[in-house]
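Letters go in sequence order (proteins before strands), and every chain restarts at 1.
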Number of protein chains: 2
Amino acid sequence: MLDGNAVRSVDRAASLLIALGESQGEAGVTELARRLGLHKSTASRLLATLQKRGLVEQDDDSGKYRLGLAVVRLGGHAERTLDLRSIAMTELETLARSIKETTTLETLEGDTALTIAYSDASGMGRDRSGRSSPLHATAPGKVLLANLPEREVIRLSKVGFTPYTSHTIVRIDLLLEELARVRKRGFATAFGEFEPSVNAISVPVYDQRTSVVAALEVRASGNRILPSRVPELVERARDAAAVITDRIGGVAASL
Amino acid sequence: MLDGNAVRSVDRAASLLIALGESQGEAGVTELARRLGLHKSTASRLLATLQKRGLVEQDDDSGKYRLGLAVVRLGGHAERTLDLRSIAMTELETLARSIKETTTLETLEGDTALTIAYSDASGMGRDRSGRSSPLHATAPGKVLLANLPEREVIRLSKVGFTPYTSHTIVRIDLLLEELARVRKRGFATAFGEFEPSVNAISVPVYDQRTSVVAALEVRASGNRILPSRVPELVERARDAAAVITDRIGGVAASL
DNA sequence: TACGTCGTTCCGCTGGACGGGACGCGAAAT
DNA sequence: ATTTCGCGTCCCGTCCAGCGGAACGACGTA
């Protein structure tokens, strides 16, 4: 047993998969063996075993190996069960401490936004995740709406938009305009639209395919978030969102 | 060396990954060991090795394992390098033989549709893949356009739409209407719009996340595809597209 | 408090995995 | 056209990695 408690041949096989993931499409036995410091008969045998389970496949013509369909399926499943909260938590805490405001991560849950991660500036406040909030009246809600098909927004309008404050957008035409702005600018704001004294900005968090999986929010009570401060907060939020996307394994798309 | 030339511990580790993919989110050491007929110390050791490479992760509270971030990344990479043509070829050939028409699979390539797989009714005609055709004047082109943001369609209209025949749609307003119909019906038709005597229908092929990765086309010369025959061909094409999606590892979305 | 189950760790044993070398094949060089 | 080279696969003797069994600590339940 080498390397702590790792099973050597499994560790080698895993390295082969990861090396294939890092290569441009495909690689040969000899090349992979060289890259990983393995004997080519060892690499060949390990690859043949991975191929048996569909984790790799071999091109009939060139003899080179690439990742197989079973990896696509496992990847899809892994993404569905991913613990986005754990992935994002460190970044939210770091951002909250450095800008001295509350940060949250919201995902779409039916017709609402769900807080899946939360951090206040002290990093020691009580966990307020698990809460729902409306889509039309919050900054992350607008980010999530902006990335839905327009017919979904129209469907929601038929249920009606609750006017939480005098600033809440309740007319469908004005909301659609606002969502167009969100798409154009790549971030959303909400000034006293859900809670009278709460201002917030939000940016999208992408998975590795430029799909929006969450909205990252910076929020504050009182007049701590004024329009003049928005550009700085948006930039900081985007940086944090890009780190989260990178952890998921993607490349942050620019809106 | 058991089971042909497979490396036993690698085969076992791969089985663990696949079992995790088949489970609802996560599973424990003892459960996985039972399911695969392994000793639990063996399962524990193999899982620890997979965890070391990020292929699985263990929940801190429950001790259960789930697929890890490295699998999400590998899955994304595998999808990008997937050989869609090989996956789809059997289905295209089967469909072509059974309906006695030519079938193709088209993907978006810049501003055109690219034939990545082709089969005629005999299954023995020469391979006509690798060819490009216009988006606005072909059935698969319309399917691909219908799944792009509208601003992409408008951008294309600025280049202009070549009138290949007297039936080609060249006005942007008429094309947008046609694309709305495609989205609504879930399939596209083209009657002599690119080549005067060629009629075709096309349906979307999804990956596992309801993204359209290709358009499957049934085409014929002369009057073999009349409007009365469209429903049957669309149904057959959808069935073939669903098989392809299932092979990729997804669930076909109903439009 | 006692019991059962889980996941982890340790250890002796042995057969599975290894590297070395040979081989056939196809492409490149001559 | 022939020769050379590199690739991937296969075979085989060797040896230590991986195995199962047992014990242990932790945790949840009765």
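Rounded to whole Å, the distance from CD on A:E26 to C1' on D:dC7 is 14 Å. Across the protein-nucleic acid pair, B:H39 atom NE2 and C:dG12 atom P stand 17 Å apart, rounded to whole Å. What separates CD of B:E31 from P of C:dG7 is a distance of 9 Å, to the nearest Å. When rounded to the nearest whole Å, the span between CG of A:L38 and P of C:dA17 equals 15 Å. Note: CG (A:L50) to P (C:dA17) measures 13 Å, nearest angstrom. Atom P of nucleotide D:dC19 and atom NZ of B:K40 are separated by 16 Å, given to the nearest angstrom. With rounding to whole Å, A:L36 atom CG is found 16 Å from C:dC18 atom C1'. A:L47 places its CG atom 12 Å from the P atom of C:dC18, with the value rounded to the nearest Å.
Residue B:Y65 forms a side chain to side chain contact (heavy atoms under 4.5 Å, CB included) with just one option from B:L16, B:V29, B:L50, B:D59, and that option is B:V29.
With respect to B:E101 and B:R224, a salt bridge is recorded, a charged nitrogen being found less than 4.0 Å from a carboxylate O. Salt-bridge annotation for B:R66 and B:E26: present, with a side-chain N of the basic residue lying under 4.0 Å from a carboxylate O of the acidic one.
At a cut-off of 3.5 Å, with distance as the only test, a side-chain donor of A:S98 or A:R236 sits close to an acceptor on the other residue. With 3.5 Å as the limit, one finds a donor-acceptor pair spanning the side chains of B:R53 and A:S15. Side-chain atoms of A:S119 and A:E93 form no donor-acceptor pair, as typed in the model, at a separation below 3.5 Å.
Considering only the side chain of B:R45, C:dC10 comes nearest among C:dC10, C:dG20, C:dT8. Distances from the side chain of B:S44 to the nucleotides C:dG7, D:dG8, C:dG20 place C:dG7 closest. Picking from D:dC10, C:dG16, C:dG7 the nucleotide with the shortest atom distance to the side chain of B:R8 gives C:dG16. Side-chain proximity of B:V7 to the nucleotides D:dA22, C:dA17, C:dG20 is greatest for C:dA17.
Residue-to-nucleotide proximity on DNA chain D shows that, of A:V10 and A:V29, the 5′-proximal contact is made by A:V29.
Here A:S41 does not reach the OP1 or OP2 of D:dT9: none of its side-chain N or O atoms lies under 4.0 Å away. Considering only side-chain N and O atoms, A:R12 lies under 4.0 angstrom from the phosphate OP1 or OP2 of C:dC18. Under 4.0 angstrom from either OP1 or OP2 of D:dC7 there lies at least one side-chain N or O belonging to A:R34.
Applying the 3.5 Å distance criterion, the base of D:dG18 shares no donor-acceptor pair with the side chain of B:S9.
Listed by residue number, the members of residues 58-67 of chain B with any heavy atom below 4.0 angstrom from DNA chain C are B:Q58, B:Y65.
Panel note: side chain B:T245, backbone B:A241; a donor-acceptor pair is recorded below 3.5 Å.
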